[in-house]
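First the structure, in the form of structure tokens, and then the observations on it.
Chain letters run A, B, ... following the sequence lines, proteins first, then strands; residues in each count from 1.
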Amino acid sequence: MAKTDFGPPDFRELIPPVIKENYGKWKYHEVPQQGVLRHVSESGAVLHSVRMASPRLVSGDFIREISDIAEKYCDGYLRFTTRNNVEFLVSDANNVDPLLDELDDKGYLVGGIGNVISNIVHTQGWIHCKSAVTDASGITKSIMDDVKDYFTGKIALPARCRIAVACCINMCGACHCSDIAVVGIHRTPPRIDDELASKICEIPNTVASCPTGAIKPNPRTKSVTVNQEKCMMCANCTVVCPAMKIMNPAKDGVSIWVGGKVSNARTAPMFSKLAIPFLPNNAPRWPEVTDAVKHLIEVWAVNAKKGERMGEWIGRIGWERFFTLTDLPFTNQHIDDFTTAKTTFRSTTQFKF
Amino acid sequence: MAKTDFGPPDFRELIPPVIKENYGKWKYHEVPQQGVLRHVSESGAVLHSVRMASPRLVSGDFIREISDIAEKYCDGYLRFTTRNNVEFLVSDANNVDPLLDELDDKGYLVGGIGNVISNIVHTQGWIHCKSAVTDASGITKSIMDDVKDYFTGKIALPARCRIAVACCINMCGACHCSDIAVVGIHRTPPRIDDELASKICEIPNTVASCPTGAIKPNPRTKSVTVNQEKCMMCANCTVVCPAMKIMNPAKDGVSIWVGGKVSNARTAPMFSKLAIPFLPNNAPRWPEVTDAVKHLIEVWAVNAKKGERMGEWIGRIGWERFFTLTDLPFTNQHIDDFTTAKTTFRSTTQFKF
Amino acid sequence: MEDKKTPLLDELEKGDWPSFVTEIKKAAATKKNAKDLLNQLEKSYGENLGHWKHGGIVGVKGYGGGVVGRYSDSPEEFPDVAEFHTVRVNQVAGFFYTADKLRQLADVWDKYGSGLYNMHGSTGDIILLGTTTENLQPCVDELADIGFDLGGSGGAMRTLSSCVGKARCEKACIDATDIIRDLTLHYQNEIHRPAFGYKFKIKVAGCANDCCASTARSDLAIVGTWRDTLRIDNKAIREEYVEKGFNIVDRVIVKCPSKCLSWDAEKGVLNIIPEDCVRCMHCINEMPKALRVGTEEGATLMVGGKVAIVKGAMIGWVLVPFMKMEAPYTEFKDLLDKIIDWWAEHGKNRERISELIERMGLVTFLKAVDLKPLPQMVREPRSNPYIYWSPEEVENNG
Amino acid sequence: MEDKKTPLLDELEKGDWPSFVTEIKKAAATKKNAKDLLNQLEKSYGENLGHWKHGGIVGVKGYGGGVVGRYSDSPEEFPDVAEFHTVRVNQVAGFFYTADKLRQLADVWDKYGSGLYNMHGSTGDIILLGTTTENLQPCVDELADIGFDLGGSGGAMRTLSSCVGKARCEKACIDATDIIRDLTLHYQNEIHRPAFGYKFKIKVAGCANDCCASTARSDLAIVGTWRDTLRIDNKAIREEYVEKGFNIVDRVIVKCPSKCLSWDAEKGVLNIIPEDCVRCMHCINEMPKALRVGTEEGATLMVGGKVAIVKGAMIGWVLVPFMKMEAPYTEFKDLLDKIIDWWAEHGKNRERISELIERMGLVTFLKAVDLKPLPQMVREPRSNPYIYWSPEEVENNG
Ligand code: SRM
Ligand code: SRM
Ligand code: SRM
Ligand code: SRM
Ligand code: SF4
Ligand code: SF4
Ligand code: SF4
Ligand code: SF4
Ligand code: SF4
Ligand code: SF4
Ligand code: SF4
Ligand code: SF4
């Protein structure tokens with residue numbers, strides 16, 4: 001029987017000596033240039049980290065290539081960030097520039113630090129998930145091609161802007177708390193294969209899976225029925241009951257949400273809010289989506305004060321002004337009707353015309 | 001058949017000439033002294049209003065007495081305020097001082113304007129309501145005796161402070177949006193007279209009346225049962241079904257809520273929040289309640305900045321600091337568990353120890 | 001009726017605040033029911049228990065409400081309050097009275113009731129506190145003779161009330177007292193003959209200071225506002241305030257919720273970004289001699305205010321950001337009729353309008369009353385990805 | 001396998017951002033399943049439709065999870081992805097690797113899988129993207145040989161992850177990487193053998209900047225903080241910032257959420273009201289060379305973070321304002337065990353902890369895990385007057 005339950009390799013054996021020695025003793029950091037972090041320890045020791053964009057979905061070639069680079073400049077030490085960038089951990093300051101040169105030569109992008117757009121956190125999409133309404137990798141690539149100058153710092157921004165992409169409303173990531181989130185959505189209710197349902201559907205679980213209470217057992221067909229007026233096309237029932245099908249290539253699409261954040265800096269974490277309820281699912285490059293994202297970034301960049309993230313900016317100017325400045329229509333879809341909807345109603349006469 | 005549906009007397013026939021002439025033309029007002037408003041019209045005309053405390057529950061003698069006073073100084077014109085004070089509408093500026101003197105002689109209190117504690121908005125209590133847990137008039141009188149120097153302006157306050165008293169959680173008034181609210185509460189669930197219920201209870205209505213879904217039909221007894229763990233002792237079922245009795249003199253009591261407001265000035269309207277879940281129902285003078293109210297006022301008065309109402313002050317310092325400054329215990333009762341409870345949870349690491 | 005002692009209540013005659021006990025005693029000098037009210041109340045004070053019975057419907061001819069039936073649960077002990085019904089008399093708009101009018105009222109009530117009043121009830125009515133079933137009809141008849149009609153109770157439109165408005169306030173952007181006068185007359189039937197599933201309340205505030213707590217406690221609140229720019233008299237700011245030591249920055253500038261004000265100390269000029277002003281009233285409140293509301297006046301309509309029963313308290317929210325309010329208020333009445341119709345059609349027993357909206361969804365409601373969704377209606381758009389699409393919306397949208 | 005064209009995907013090789021299509025193509029040069037992945041994906045791009053089947057459980061010996069079964073719905077058309085299961089490999093804490101370690105991994109995966117990876121999955125795992133049922137066991141065995149174990153999936157404790165923490169960050173108040181290393185080892189059984197009603201996630205952030213989005217997406221988030229006063233080096237403020245033109249008032253003072261900072265420009269001194277600081281990190285973030293976190297370090301525990309399904313999204317909220325985090329983290333583990341026990345006992349199928357707490361009430365939960373109610377747990381106390389009193393509380397309280 002194979003060895004089990006031994007856990008991952010011990011990180012303490014995979015960190016460079018400078019980290020081992022200065023663990024917990026880092027004193028401050030600076031950013032000598034975009035893409036480079038210079039951490040200084042209480043002991044005076046210095047570590048440079050060089051951050052490089054990654055597509056996240058990578059090949060063995062990529063793994064071997066970054067390993068080679070790490071070996072060449074970093075004694076083999078590197079890490080990934082929580083947003084899936086690669087960080088080369090350079091102990092010898094003299095290696096920083098040569099490393100940057102090599103990355104540049106190879107066409108890799110360096111950046112992602114501070115008030116920029118870092119890598120997009122995204123999900124599986126059609127590459128591996130059965131629930132995918134759209135392809136997260138494709139949208140991510142299309143957006144990042146367009147906004148890469150914000151990653152490399154070529155164009156300045158008022159604050160960091162975190163973009164996330166999810167292929168369905170399960171939102172595997174932090175779409176619900178991102179400055180800009182792109183989320184695949186359905187717009188038509190599930191279709192039920194009654195025949196199949198009567199055989200395989202665990203009806204109580206299916207009924208319970210519906211957030212809006214739209215599903216009722218149908219004793220006649222031994223299946224279930226969906227109240228179309230209550231169904232919010234969340235697809236959760238389709239995860240629980242394979243006899244419910246919701247994919248609808250002609251009608252499914254993409255929604256955009258804005259103003260979320262997770263850090264507690266200055267303001268509390270915030271949920272992202274609906275900005276654009278529907279854009280077409282226009283593979284392979286989703287021009288409507290990339291245009292919308294760029295537009296949102298640009299309106300924010302022009303109007304926000306220095307240091308104001310998307311949600312903080314909107315918090316200051318108000319959502320009514322957000323919709324006029326972005327020229328986006330405010331629709332029925334924007335108005336919440338879920339369980340705590342009433343807490344979103346504007347119970348004050350304070351608003352802007 | 002009697003005349004019906006003619007509506008109240010026309011206010012236009014009951015306003016003094018100076019108002020008729022300057023209706024909609026008032027330009028500004030000042031407060032020459034506490035209890036006196038001086039409104040100036042675009043035409044230059046002036047109206048003085050002298051505000052006098054009223055117990056709200058008044059006798060015919062009182063009605064006749066204020067009528068006499070109004071006749072003497074105001075050509076008979078007077079009004080009541082939305083907080084049940086009396087306002088004498090003095091057209092002849094020379095009458096203001098004599099009026100004030102007479103009110104003083106008669107022991108009437110003048111004040112209630114601006115950054116003060118005005119009259120308490122309260123409800124029927126044992127005087128006329130079948131649902132009363134406590135007596136609103138008695139608590140009101142007891143509090144106002146204690147805080148009258150804040151009404152007359154003898155002691156200054158950072159901002160206005162609106163107090164409301166309700167004899168049960170129906171809160172006939174604006175307890176839910178008051179700087180300080182005193183509300184009668186039950187702490188034991190209703191007792192059901194099954195025999196009676198089986199005869200007179202409209203079971204579906206009774207079940208529907210329960211905000212927390214604690215009531216279920218009991219087919220056996222043709223009555224209902226109450227899930228004691230879900231019952232929040234709101235008494236709403238007792239309004240719908242006379243076979244449910246909730247009065248419990250030994251256990252009922254008084255709760256105190258703070259930080260509400262209704263004006264949109266500076267900050268949006270706010271709900272009052274629970275400060276003290278229980279104080280004894282100690283008639284005739286409710287010393288625990290009056291002490292608590294005084295204490296809350298004093299802590300606020302000392303700590304708030306000029307212009308900060310109770311809720312605005314708490315908004316600035318945070319509730320955790322409110323509880324330390326007031327030295328009030330934070331209990332299970334303070335934590336919301338009603339339908340939008342989760343929106344009250346502190347989803348940020350920002351807090352004070 | 002023996003002269004019982006009331007030692008507990010006597011305690012409430014002490015102190016400087018005017019005493020309701022003294023008032024009841026004054027009435028009790030001539031009124032047996034006032035006396036027995038005092039006696040029963042003394043008992044309540046001793047026992048921590050009210051003594052009014054549950055239920056008991058009474059009425060007067062031609063009306064379905066306006067009186068609240070009340071019976072003592074100890075009629076043997078307190079025979080004179082065995083029946084002690086309240087008469088809700090529609091107050092005069094703005095609570096304006098003359099000495100004559102009040103005396104007329106007192107004459108009628110002395111004749112038929114306890115001689116006790118609430119001036120006024122929380123909804124706005126004059127509450128005539130306590131009479132017998134027998135006396136109700138003649139009392140109401142004689143009230144009619146002096147021009148006083150009943151207010152609302154039960155599943156009806158309730159008595160409307162307002163702040164003092166344009167009658168005595170420089171801040172009023174709408175004619176609050178005229179609006180409730182007009183609407184009260186227009187909706188007499190809805191007020192007097194309960195035909196709704198529950199109460200429906202309307203209150204009118206001349207401006208966002210909301211001196212009648214309208215958004216907190218009315219199903220539909222009409223709150224005055226303006227669409228242009230508030231008026232600034234810089235000379236008055238300087239002379240009446242700043243030069244007299246008023247700290248305009250601390251007291252006004254930093255407290256403006258939308259941060260649209262700035263004070264140019266050098267020039268002595270207050271600058272405003274008009275389109276950012278949310279018309280909160282604060283700066284005007286602080287400098288009434290120098291600032292005034294704008295001139296393009298109208299109202300914001302707020303729907304859904306109420307207290308806790310059954311689904312929780314609600315502060316009314318923006319339904320119509322701006323509506324001109326000109327007599328005879330036809331646009332408003334048309335909208336109100338649609339609201340009431342929808343509520344009548346879909347509301348359950350004891351379901352307030354805000355609870356119905358919460359249950360059926362704000363969008364459903366907006367469609368029913370022909371209003372377009374606007375960002376002004378919400379603090380923020382939805383955050384949960386549960387989005388309803390009607391088949392038409394899917395067709396029309398890609 | 002014929003060499004199909006992929007004109008749509010080829011579009012995604014254009015542009016400067018590194019292309020996942022290029023990556024798949026690189027793998028496809030030697031891997032048939034990578035090639036068919038590309039082909040099936042091209043079809044999805046053409047049809048706007050995914051081609052993975054619903055369901056299909058696969059596994060490896062000794063584990064209940066760690067692999068996600070995946071089958072093509074068109075196995076005839078794309079035989080090489082007929083089975084294309086994912087292996088979730090527990091990442092190294094802090095995502096630290098050496099070239100050697102990565103190459104070892106690549107060697108195993110080249111042998112058994114598609115040669116495609118997600119570095120990393122959103123939860124934190126190394127996602128090995130696609131292999132057959134047959135290859136799963138040998139792949140996992142050889143991963144074990146090089147020291148890599150599986151992560152979590154299904155109704156289990158999920159793979160823990162953290163920010164870089166004390167390893168490379170001056171702001172870390174807790175040893176984030178060590179905490180997840182320790183907890184991961186301690187909870188191997190809970191991670192590897194799904195026995196819960198649904199997923200349970202833990203993430204650790206060294207400070208309130210929350211660089212791993214812990215409060216947004218973990219059922220229990222451990223966030224570093226401090227109890228004393230943040231450290232201020234006024235000399236550095238002056239020399240490194242203010243004298244270099246940094247506008248400390250605009251950038252820092254006015255943005256402090258608790259307004260506890262003031263800048264004495266004359267003295268060149270930053271003053272703080274320590275007890276008012278809510279440790280938001282902002283001032284430290286802006287002046288890393290001059291300000292540092294306090295020295296009395298520990299963590300705030302936040303419970304309940306998750307996305308929308310079923311009852312709506314939730315950002316974790318304060319459960320324990322401050323807990324010392326010292327290895328072996330016994331206090332934390334004791335609390336976590338109580339939480340998991342209560343959830344196991346009361347949670348329904350697919351009910352996250354925050355949904356259970358919402359359903360049963362926060363107070364019920366606090367009692368179950370032996371925590372006292374604290375004002376830090378809520379933004380504000382209740383506003384609706386529906387107060388539950390247990391019989392004991394009524395006894396003990398008047
Ligand atoms: C490397 C990384 C941690 C890791 O373990 O991998 C990291 C590292 C640092 N973060 Fe972060 N953060 C990292 C993800 C995050 C995230 C999570 C995310 O984006 O998903 C957040 C929360 C974002 C949000 O609120 O939505 C995050 C919010 C911050 C903040 C607060 C930002 C703000 O709201 O003002 C700071 C403070 C600052 O920038 O001064 C910060 C500061 C830092 C510092 C300066 C900390 C330090 O002193 O070393 C590090 C470098 C700065 C940088 O990257 O801009 N880091 N940081 C992550 C890099 C991701 C990437 O590749 O882009
Ligand atoms: C007479 C009355 C209206 C009426 O129709 O009867 C009235 C009259 C005025 N109010 Fe009011 N308010 C009256 C109840 C209210 C209420 C309602 C209530 O208390 O139930 C409120 C909302 C309170 C709340 O937010 O909880 C109210 C919130 C204001 C405000 C905003 C206060 C704030 O939050 O900053 C102002 C502005 C100011 O004071 O400068 C205001 C200002 C005024 C002014 C100055 C308006 C004017 O220019 O004439 C009037 C005299 C000032 C005063 O009384 O302090 N009035 N005022 C009411 C007197 C009640 C009483 O006897 O005490
Ligand atoms: C008399 C009055 C209190 C007072 O002393 O001023 C009053 C008295 C009663 N209210 Fe009220 N309410 C009175 C204004 C209010 C207000 C304030 C307002 O209208 O501005 C409210 C809060 C605003 C609102 O409507 O939400 C109010 C919210 C309630 C409620 C809770 C309604 C809810 O939806 O949550 C009830 C319970 C019910 O209807 O079953 C209630 C029920 C009652 C009943 C009818 C209880 C009963 O069944 O016996 C009380 C009759 C007492 C009596 O014997 O006369 N009363 N009630 C007020 C009416 C006087 C008037 O006509 O002017
Ligand atoms: C692989 C991954 C996305 C990625 O590309 O990175 C992923 C993929 C899936 N997630 Fe997820 N989730 C992944 C991280 C997340 C996260 C982020 C996190 O863990 O930090 C979330 C949001 C946080 C949270 O848990 O609330 C997330 C929220 C969900 C949900 C919604 C859960 C909820 O309570 O709302 C589902 C739906 C479900 O469980 O039925 C879900 C379900 C799924 C399933 C299992 C759907 C399915 O039944 O097929 C996906 C399998 C795809 C596949 O073929 O591999 N996934 N999922 C992530 C796991 C990789 C890893 O182990 O590192
Ligand atoms: S977001 Fe939806 S489609 Fe995308 S990986 Fe997660 S569960 Fe699958
Ligand atoms: S798609 Fe969602 S809302 Fe619609 S029936 Fe299924 S679970 Fe319910
Ligand atoms: S608050 Fe309750 S007890 Fe008091 S008058 Fe209103 S319904 Fe009656
Ligand atoms: S008192 Fe309230 S919570 Fe309790 S059973 Fe009656 S209606 Fe329900
Ligand atoms: S609400 Fe406005 S208009 Fe009405 S009295 Fe108050 S300040 Fe004046
Ligand atoms: S009314 Fe309020 S929002 Fe408008 S300028 Fe004055 S203070 Fe600012
Ligand atoms: S969360 Fe704090 S400790 Fe962790 S990397 Fe970010 S800034 Fe550093
Ligand atoms: S950490 Fe945040 S709250 Fe504390 S002083 Fe700095 S900015 Fe203010």
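- Contacts between Glu87(B) and chain C at a heavy-atom distance below 4.5 Å involve the side chain alone, from C-beta outward.
- In this structure, Lys27(B) does not pair ionically with Glu170(C), as no charged nitrogen and carboxylate oxygen lie closer than 4.0 Å.
- Looking at every heavy atom in both residues, Gly124(C) comes nearest to Ser161(C) through CA-CB, 4.3 Å.
- Contacts of Asp146(B) with chain C are absent, with no heavy-atom separation under 4.5 Å from either backbone or side chain.
- Using a 4.0 Å cut-off between charged side-chain N and carboxylate O, Glu240(C) and Lys289(C) make a salt bridge.
- Heavy-atom distances place both the backbone and the side chain of Asp16(C) under 4.5 Å from chain B.
- Of the two parts of Arg12(B), only the side chain, counted from C-beta on, holds a non-hydrogen atom closer than 4.5 Å to a non-hydrogen atom of chain C.
- Of the atoms belonging to Leu47(B), it is side-chain heavy atoms, and not backbone ones, that fall under 4.5 Å from chain C.
- Interface remark: His176(B) contributes side-chain atoms only to the contact with chain C (heavy atom separation under 4.5 Å).
- Interface residue Glu11(C): backbone and side-chain heavy atoms are both found under 4.5 Å from chain B.
- At distances below 3.5 Å, not a single donor-acceptor pair connects side-chain atoms of His54(C) with backbone N or O atoms of Pro242(B).
- Heavy-atom distances place no part of Ile69(B) under 4.5 Å from chain C, backbone and side chain included.
- Crowding of Glu202(B) atom CD: a count of heavy atoms from other residues, nucleotides or ligands under 6.0 Å not exceeding 12.
- Of the two parts of His29(B), the backbone and the side chain both hold a non-hydrogen atom closer than 4.5 Å to a non-hydrogen atom of chain C.
- Residue contact with chain C, scored on non-hydrogen atoms closer than 4.5 Å, involves the backbone and the side chain of Lys306(B) alike.
- Both the backbone and the side chain of Ile127(B) come within contact range of chain C, judged by heavy atoms closer than 4.5 Å.
- Neither the backbone nor the side chain of Val18(B) comes within contact range of chain C, judged by heavy atoms closer than 4.5 Å.
- Contacts between Cys169(C) and chain B at a heavy-atom distance below 4.5 Å involve the backbone alone (N, CA, C, O).
- Within the 4.5 angstrom heavy-atom criterion, only side-chain atoms of Thr339(B), from C-beta onward, approach chain C.
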